[in-house]
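Worksheet for the structure shown next.
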Protein chains: 2
Amino acid sequence: MSAATETTGWAEATIASLLARGHRNSGARRAVVELLGRQRCCLTAQEIFDQLRAGGRRVGIASVYRVLEQLSKDGYVQRIDIGAGTTRFEPIYAGGEHHHHHLVCDDCGKVEAFADDQLERALLQVEGRTGYSVAGHDVVLRGACRECAPRTRTSS
Amino acid sequence: MSAATETTGWAEATIASLLARGHRNSGARRAVVELLGRQRCCLTAQEIFDQLRAGGRRVGIASVYRVLEQLSKDGYVQRIDIGAGTTRFEPIYAGGEHHHHHLVCDDCGKVEAFADDQLERALLQVEGRTGYSVAGHDVVLRGACRECAPRTRTSS
DNA sequence: ATGCGTGCAAATGTTTTGCATTTTG
DNA sequence: CAAAATGCAAAACATTTGCACGCAT
């Protein structure tokens, strides 16, 4: 409720919410949540799995998917479909803090985050006109990044 | 070249462009292009495959993917990642005609199109600020549609 | 006839499911 | 101790690739 939605705060708040909902506080889930809370941008399930393993934690990739599915369904993480065949995940901060969208380089595959208030306002307005009860939105800009742009080939 | 970018026109123009590029005018590709040209909104590769088969055409799903890959690479169709694990495809009309984005019902899975000029303007502005050479963008609004919204359950 | 484009089948990669076992409350 | 979570392996999907053959040019 406070304005103190720190990078670390998300993981703690999420674990607390899960406990409050009657879930147990055990290994894999906590590990995934804490890892996500430490990240700056979106990760794939495989990346999460690899990092946990690299950190010595013995988890199954199925658990990673199960935790992500649950967190996503309950609104703690957002699924991001950059379009490379794998879904990415990132924390959703309370109060819309750190809300952002993504910029993908078609050439080198790099993913960056960006935020823009005017874009958010435009989205909010459209959302009101749709007739849907809009729960969230996703914006992906695709193109060539600063390094790749100069030598982008147009065809083939 | 004319302003006559009709629903039918896209398929014809696309086939013509392909011929001009030295490609052959043969079975599967033509079938996929014509089917896409007849559709109102985005389709999955599987849906395209099924519809072609249902229409008596003997195509392989690999060809469908190959054609879609080529059309997408050459800028004739757009890949859409709604986020359900499968990519969708739809025609890109010349001159940005019929440019739109998508509205997805989390409950029943329905996908609708919407367009909004102000949103496009906001996107254009952000795109200029990114430092990327932005080639395209994707916006997906997720929520509950008119039929599903009234009985949406908040949790589990 | 030449070779691009195709269909089929097998390979690849991602995500999900079944089940026995461990862990938490 | 009972129920929830987990890890592993297998299954289910989505997409890509290898290859021999057929069809436009």
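Chain naming here is simple, since letters A, B, ... match the order of the sequence lines and numbering starts at 1 in each. The analysis underlying the following values was restricted to heavy atoms, covering all of them including side chains, and did not include hydrogens, waters or symmetry mates.
When the side-chain nitrogen and oxygen atoms of B:T44 are compared with OP1 and OP2 of D:dA14, none of them lie within a distance under 4.0 Å. Phosphate proximity of D:dT16 to B:Y65: absent, as no side-chain N or O sits under 4.0 Å from OP1 or OP2. B:S26 has no side-chain polar atom (N or O) that falls below the 4.0 Å cut-off from OP1 or OP2 of D:dC23.
For the pair A:V77 and A:T14, the minimum side-chain heavy-atom distance is 4.5 Å or more. In this structure, B:C42 and B:H102 have side chains that are in contact, with non-hydrogen atoms separated by less than 4.5 Å.
Protein atom CZ of B:R29 is 13 Å distant from nucleotide atom C1' of D:dC23, rounded to whole Å. One can place CZ of B:R30 at 17 Å from P of D:dC23, the figure rounded to the nearest angstrom. Atom CD1 in B:I61 sits about 9 Å away from atom C1' in D:dT15, given to the nearest Å. As a whole-Å value, the separation of B:R24 CZ from D:dT25 C1' is 5 Å. Between the C1' atom of D:dA5 and the CG atom of A:L52 lies a distance of 15 Å, rounded to the nearest Å. Taking atom CZ of A:F49 as the reference point, atom P of D:dA9 lies 11 Å away to the nearest angstrom. At whole-Å resolution of the value, NE2 in B:H23 and C1' in D:dC23 are 17 Å apart. The CD1 atom of B:I48 sits 11 Å away from the P atom of D:dT15 (whole-angstrom rounding).
For A:R66 and D:dA5, a side-chain-to-base donor-acceptor distance below 3.5 Å is absent, hydrogens and geometry of angles not being considered.
Hydrophobic cluster membership differs between A:V104 and A:V139, with clusters built from Ile, Leu, Val, Met, Phe, Trp and Tyr side chains linked at under 4.5 angstrom.
There is no side-chain donor-acceptor pair under 3.5 Å between A:R57 and A:Q51. For the residue pair B:H98/B:E90, the side-chain donor-acceptor check at 3.5 Å is not satisfied.
Protein chain B touches strand DNA chain C; the 5'-most and 3'-most nucleotides with an atom under 4.0 angstrom of its non-hydrogen atoms are C:dG3 to C:dA9.
Of the two residues near DNA chain D, A:R53 and B:F89, the one whose nearest nucleotide lies more 5' is A:R53.
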Intermediate values then yes/no, side-chain hydrogen bond (donor to acceptor under 3.5 Å, both in side chains), B:H101 and B:E112: CA-CA 8 Å; B:H101 295 290; B:E112 283 182 61; over 6 Å; no
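Aromatic rings from A:H137 and A:H99 are positioned such that their centres are separated by under 6.0 Å.
Nearest heavy atom pair, residue A:F49 against residue A:I61, reads CE1-N, 3.5 Å.
Counting any heavy atom pair closer than 4.0 Å across all strands shown, A:A62 reaches a base atom.
Ion pairing between a basic and an acidic side chain is recognised when a charged N comes within 4.0 Å of a carboxylate O; B:D81 and B:R88 show no such pairing.
Near DNA chain D, defined here as any heavy-atom distance below 4.0 Å, there are no residues from residues 75-88 of chain A.
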